[in-house]
Amino acid sequence: MIKRTLLLSATAIALASCASAGQVPRASAISGSAPAGWASSPVADASLMDDWIATFDDARLMQFVDEAVTDNPSLLAAEARIRAARASARAANAGRLPNVNADLTVTQRETETSSSTNYAGGLGVSWEADLWGSLGARARAGLLEFEATDSDFEGARLSIAGQVARAWFLLIEARLQTELAERDVRAKENSLALIERRFSAGVSRSSDVRTFRSALASSEAALASRRRAEASAARNLEILLGRYPSGTIQHDADLPEFEDLTGIGAPGDLLARRPDLVAAEARLEALGLQAMIARNALLPSLTLRGNLDSGGADPADLFDMDTVVATLIGGLTAPIFNGGSLRAERDRAAAAAEAALRTYAGTVLAAWREAEDAIYADGILAARVEALQTAYEQAAAAEQLVIRQYGSGLATVFELLDAQSRRIAAEGQYISARRERATNRVDIYLAIGGDFDAPDLRNLEG
């Protein structure tokens, strides 16, 4: 770890030197600090899956993701920002081309004794020579901002798919927890009926009846809360899909089962796969170009201007070559005194580029940490699911045993209540652990910038 940290720090210093010299840093300079494999993965597999949604083997989830990535309002807004950035990139490139303007003037003079009309027209062309590369750099910076915005859209698209998958699994969990609460109520009702019969036979005490009536009421209250949570989870998913939040979406599926984790690539792949890192790299390069532009503003600029003017008393004179006057002017302009504003802007742009570079390095480290955390958690959660399954199965078997013992007078009402409570708690934790493992798988695919197969607004007409 110390070696990797030192390597990344040395890389950052080298990149800062490049930035100060006007050279543009690239992510490939940082990738050398990435290990060959994930420290948290027991499987050395550098392959990359092409559709992480398909790993859940859930046709309805795939349908929901397809719907969300075409109808979600946030994603539609992100796509509009791409079009705005594309237009800005075209505008930034226009500075490298000549400006051509035409004018036409008609002058009418009236006096007491005469009147006259004069027609004048002209064509003007101006062009700034890109002596120091600033115009090309400005055009390149505009293109990079467009590429960054495009990566922002890809990041939003990936995030929406992840949010839909999480919301779907949370909704399934909510339904399973509601069904568990319903079974708990039925079990309490059956137990209460048994206790009341025993009380009528003089075998049980009235306190036993009251104890289970209280337990039944508590279970009914818990069921009401579960139903509310299930409806809220359904509305949350509907909002992500761009639907009205009616809470009526069908969700009778089960949580997925998982094979061993494969196809997650290597740490170095994140620099080219994660949209936020791709966008950060593009903006880093753009800031380096802006710093170069600010530095070049202290240098002279060369502008060429040409004009063709013609005119006369008759409109035909506008096209008479004998009236045409041509002018060509070349101007060399250099800043002499501006109160230090240009130097201040140069220093500001250089500092902003360096700050972006440091932030980019920190973003890369945070991305690696997110991936390592999620990959490590996958094994832990698998073991937790297995342990909770055993706990639930044993608690369910113990409950059945205590029910029979209570019917035979060998167990107390408190032992019966405790056995039922343990089974309900164990099964609830088991359901939550299965959902947690499913959402953690989603977190893994988001952390590595996983690909998925779904419609892309950038490729849809209209």
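Numbering of residues begins at 1 and proceeds along the displayed sequence.
- Across all their heavy atoms, A367 and L270 have their closest contact at O-CD2, 3.8 Å.
- Judged purely by atom type and a 3.5 angstrom limit, R434 uses its side chain to pair as donor or acceptor with the backbone of L255.
- A donor-acceptor contact shorter than 3.5 Å is absent between the side chain of R441 and the backbone of E436.
- When side chains are defined from C-beta on, T333 does not count as touching T303, because their heavy atoms never get closer than 4.5 Å.
- Salt-bridge check for D254 with R175: failed, with every basic side-chain N at 4.0 Å or more from each acidic carboxylate O.
- Using a 4.5 Å cut-off on side-chain heavy atoms (C-beta onward), V364 and L277 make contact.
- Remark: E285 engages R140 in a salt bridge, criterion side-chain N to carboxylate O under 4.0 Å.
- In this structure, W368 contributes its side chain and P267 its backbone to a donor-acceptor pair below 3.5 Å.
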- Item | Stepwise side-chain contact (heavy atoms from CB on, under 4.5 Å) test for L457 and L75 | CA-CA 9 Å; L457 287 173; L75 204 57; 4.3 Å; yes
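- In this structure a side-chain-to-backbone donor-acceptor pair under 3.5 Å is missing from T55 to D51.
- Judged by distance alone, with hydrogens and angles left aside, the side-chain atoms of D269 form a donor-acceptor pair with the main-chain N or O of A266 at under 3.5 Å.
- Residues T117 and Q108 bring a donor and an acceptor atom of their side chains to less than 3.5 Å of each other.
- R458 has a carboxylate O that lies under 4.0 Å from a charged side-chain N of D456, or vice versa, which qualifies the two as a salt bridge.
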- Checking salt bridge (charged side-chain N to carboxylate O under 4.0 Å, His left out) for the pair D373/R369: CA distance, chi angles, key distance, verdict? CA-CA 6 Å; D373 282 349; R369 179 192 57 77; 3.0 Å; yes
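- Partners of E393 according to the salt bridge (charged side-chain N to carboxylate O under 4.0 Å, His left out) rule, which considers only residues two or more places apart in sequence or in another chain, do not exist here.
- A cation-pi arrangement is found for R157 relative to F452, the charged atom lying closer than 6.0 Å to the ring centre and inside a 45° cone about the ring normal.
- Proximity of I249 to L171: side-chain heavy atoms (C-beta onward) are separated by under 4.5 Å at one or more points.
- Nearest approach of D443 to R166, heavy atoms of both residues: OD1-NH2, 2.7 Å.
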- Message: Show, in sequence, the C-alpha distance, side-chain angles and deciding distance for D378 and R437, and conclude whether the salt bridge (charged side-chain N to carboxylate O under 4.0 Å, His left out) test is met.
- Response: CA-CA 7 Å; D378 186 71; R437 191 179 184 202; 3.7 Å; yes
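- You'll find the side chain of L304 stays beyond 4.5 Å of the side chain of I329, heavy atoms only.
- Remark: of the listed residues D66, L237, V442, L237 is the sole one forming a side-chain contact (heavy atoms from CB on, under 4.5 Å) with V164.
- A 4.5 Å side-chain heavy-atom check between I172 and R435 finds every atom pair outside the cut-off.
- Rounded to the nearest 0.5 Å, atoms OG (S310) and CZ (F319) are 7.5 Å apart.
- Taking a 6.0 Å sphere around CZ of R226, one finds it holds 12 or fewer heavy atoms contributed by other residues, nucleotides or ligands.
- Taking E238 as the reference, S246 meet the side chain to side chain donor-acceptor pair (under 3.5 Å) condition, with sequence neighbours excluded.
- For F169 against A438, the heavy-atom pair with the smallest separation is CD1-CB, 3.7 Å.
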- Between Q177 and S432, is a side-chain hydrogen bond (donor to acceptor under 3.5 Å, both in side chains) present by the stated rule, with each step listed? CA-CA 9 Å; Q177 296 284 10; S432 294; 3.1 Å; yes
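- For N307, the side-chain contact (heavy atoms from CB on, under 4.5 Å) test picks out D309, T327, with sequence neighbours left out.
- Other residues, nucleotides and ligands contribute more than 12 heavy atoms inside 6.0 Å of the CZ atom of R183.
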- Task: Tell me, with the steps shown, if E370 and R274 meet salt bridge (charged side-chain N to carboxylate O under 4.0 Å, His left out).
- Result: CA-CA 12 Å; E370 290 173 6; R274 272 189 53 148; 2.9 Å; yes
- Task: Verify side-chain hydrogen bond (donor to acceptor under 3.5 Å, both in side chains) between S159 and Q163, making sure each step is shown before the conclusion.
- Result: CA-CA 6 Å; S159 176; Q163 290 178 56; 3.0 Å; yes
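- In this structure, N236 CG and L240 CG are separated by 5.0 Å, a value rounded to the nearest 0.5 Å.
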- Query: Hey, mind stepping through S134 and N296 against side-chain hydrogen bond (donor to acceptor under 3.5 Å, both in side chains) and telling me if it holds?
  - Reply: CA-CA 7 Å; S134 295; N296 290 345; 3.0 Å; yes
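- At distances below 3.5 Å, at least one donor-acceptor pair connects side-chain atoms of D130 with backbone N or O atoms of L135.
- Listed by chain and number, the residues in a ring pair (Phe, Tyr, Trp, His ring centres under 6.0 Å) with F153 amount to none (sequence neighbours excluded).
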- Task: Any chance you could lay out the side-chain contact (heavy atoms from CB on, under 4.5 Å) test for L302 and E128, step after step, and finish with the verdict?
- Result: CA-CA 6 Å; L302 174 62; E128 181 180 352; over 6 Å; no
- Stepwise salt bridge (charged side-chain N to carboxylate O under 4.0 Å, His left out) test for R86 and D150: CA-CA 9 Å; R86 183 184 293 114; D150 189 69; 5.8 Å; no
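- The number of heavy atoms from other shown groups lying within 6.0 Å of OH (Y376) does not exceed 12.
- Applying the 6.0 Å contact sphere to CG of N338 captures more than 12 heavy atoms from other residues, nucleotides or ligands.
- Counting only heavy atoms from C-beta outward, the side chains of I375 and L261 approach each other to under 4.5 Å.
- The aromatic rings of Y445 and W52 sit parallel to each other, their planes meeting at less than 30°, with 60° as the upper class boundary.
- Salt bridge annotation for E182-R227: present, with a cationic side-chain nitrogen under 4.0 angstrom from a carboxylate oxygen.
- For the ring pair (Phe, Tyr, Trp, His ring centres under 6.0 Å) test, residues two or more places apart in sequence or in another chain that qualify with F64 are W168.
- Across A280 and Y360, no two heavy atoms sit closer than the pair CB-CD1, 3.7 Å.
- Using a 4.5 Å heavy-atom threshold, the side chains of P300 and L131 count as separate.
- Here the closest heavy-atom approach between residue V278 and residue L271 is recorded as CG2-O, 3.8 Å.
- Side-chain atoms of N101 never come within 3.5 Å of backbone atoms of G124 as a donor-acceptor pair (strictly under, hydrogens ignored).
- R228 is linked by a salt bridge (charged side-chain N to carboxylate O under 4.0 Å, His left out) to nothing, counting only residues two or more places apart in sequence or in another chain.
- A donor-acceptor distance shorter than 3.5 angstrom exists from the side chain of S40 to the backbone of E372, with no hydrogens or angles considered.
- Of all heavy-atom pairs spanning L241 and A68, the tightest one is CD2-CB, 3.9 Å.
- Two residues are said to be in side-chain contact when any heavy atoms from C-beta on lie closer than 4.5 Å; L223 and T178 meet this criterion.
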